[in-house]
Trainee: 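Have a look at this one before I ask anything.
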Amino acid sequence: MPPPANDTCATPATLVPNVSQMVDVAAGMADYTVDCSFYSGNDVVYQFTTTQAQRAKVTVTAVGTGDSAVEIREAPCATGTSLACASSFGGTAPVADATNLPA
């Protein structure tokens with residue numbers, strides 16, 4: 001099974017505000033690490049754009065008892081500054097909450 005199209009920063013998928021997306025990262029590669037965890041499992045990349053200063057809150061819900069992590073970074077994706085980061089173990093949902101993101 002090939003990796004998903006949004007496996008790397010080169011081709012991120014776009015997040016739509018207030019719309020849930022179901023993602024299977026099983027086919028993804030472990031391309032990146034997050035600043036708040038030693039988590040190094042399969043990952044996928046998303047992007048969004050702010051048009052005014054605002055809050056961005058991203059929640060990840062794992063299937064079963066999996067571990068998960070989520071990080072909001074400034075561009076460029078692979079090396080940008082971490083704005084919010086959260087990780088969890090045993091199936092709980094981590095929430096990255098970045099307040100006052102610039103436009």
Side-chain angles (χ1 to χ4, degrees):
M1 174 183 270
N6 62 326
D7 186 50
T8 68
C9 290
T11 54
T14 300
L15 286 177
V16 177
N18 302 311
V19 174
S20 296
Q21 295 187 20
M22 184 171 268
V23 179
D24 182 357
V25 297
M29 305 298 289
D31 302 300
Y32 309 104
T33 57
V34 294
D35 286 353
C36 60
S37 174
F38 62 87
Y39 177 80
S40 62
N42 301 356
D43 51 48
V44 290
V45 179
Y46 287 86
Q47 67 180 349
F48 63 89
T49 302
T50 56
T51 57
Q52 61 185 15
Q54 64 190 60
R55 177 183 190 184
K57 189 173 181 181
V58 180
T59 304
V60 172
T61 304
V63 174
T65 58
D67 301 338
S68 55
V70 59
E71 184 169 31
I72 299 172
R73 290 186 180 190
E74 289 182 327
C77 168
T79 59
T81 301
S82 178
L83 302 173
C85 192
S87 60
S88 69
F89 304 96
T92 59
V95 178
D97 190 358
T99 59
N100 202 25
L101 291 177

Trainee: Distance from Lys57 atom NZ to Thr99 atom OG1, nearest 0.5 Å?
Mentor: 11.5 Å
Trainee: Thr11: what forms a side chain to side chain contact (heavy atoms under 4.5 Å, CB included) with it, not counting sequence neighbours?
Mentor: Thr8
Trainee: Please report the shortest heavy-atom distance between Ser68 and Pro94, naming the atom on each side.
Mentor: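 Smallest heavy-atom distance, with atoms named: OG-CD, 3.3 Å.
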Trainee: Please give me the minimum heavy-atom distance between Cys9 and Ala78, naming the atom from each residue.
Mentor: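 Shortest heavy-atom contact: SG-N, 3.4 Å.
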Trainee: Let me confirm one number: the CG-CG distance from Asp43 to Asp31, rounded to the nearest 0.5 Å.
Mentor: 5.0 Å
Trainee: Is there side-chain contact between Glu71 and Tyr32, with at least one heavy-atom pair below 4.5 Å?
Mentor: no
Trainee: Can you see which heavy atom on Ser87 is nearest to which on Cys36, and at what distance?
Mentor: OG-O, 3.6 Å
Trainee: If hydrophobic clusters are built by linking Ile, Leu, Val, Met, Phe, Trp and Tyr wherever their side-chain heavy atoms come under 4.5 Å apart, do Val23 and Leu15 end up in the same one?
Mentor: yes
Trainee: Can you tell me how far the CG atom of Asp67 sits from the OG1 atom of Thr92, to the nearest 0.5 Å?
Mentor: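 Asp67 CG to Thr92 OG1: 8.5 Å, rounded to 0.5 Å.
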Trainee: Using modelled atom types only, decide if a donor and an acceptor are shared between the side chain of Arg55 and the backbone of Asp97 within a distance under 3.5 Å.
Mentor: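 A pair under 3.5 Å: no.
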Trainee: What pair of heavy atoms forms the shortest contact from Ala53 to Asn100, and how long is it?
Mentor: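 Shortest heavy-atom contact: CB-OD1, 3.6 Å.
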Trainee: List the atom of Val34, the atom of Cys85, and the distance in Å for their closest heavy-atom pair.
Mentor: CB-SG, 3.9 Å
Trainee: Measure the CD-CG distance between Gln52 and Leu101 for me, rounded to the nearest 0.5 Å.
Mentor: 11.5 Å
Trainee: Hey, quick one: are Tyr46 and Phe48 part of the same hydrophobic cluster, counting side-chain heavy atoms closer than 4.5 Å, chains of contacts allowed?
Mentor: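 They do share one cluster, since a chain of ILVMFWY contacts under 4.5 Å joins Tyr46 to Phe48.
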Trainee: Nearest heavy-atom pair of Thr14 and Gln47: which atoms, and what distance?
Mentor: OG1-NE2, 3.3 Å
Trainee: Does Asn6 reach the main-chain N or O of Val45 with its side chain, forming a donor-acceptor pair under 3.5 Å?
Mentor: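 Yes.
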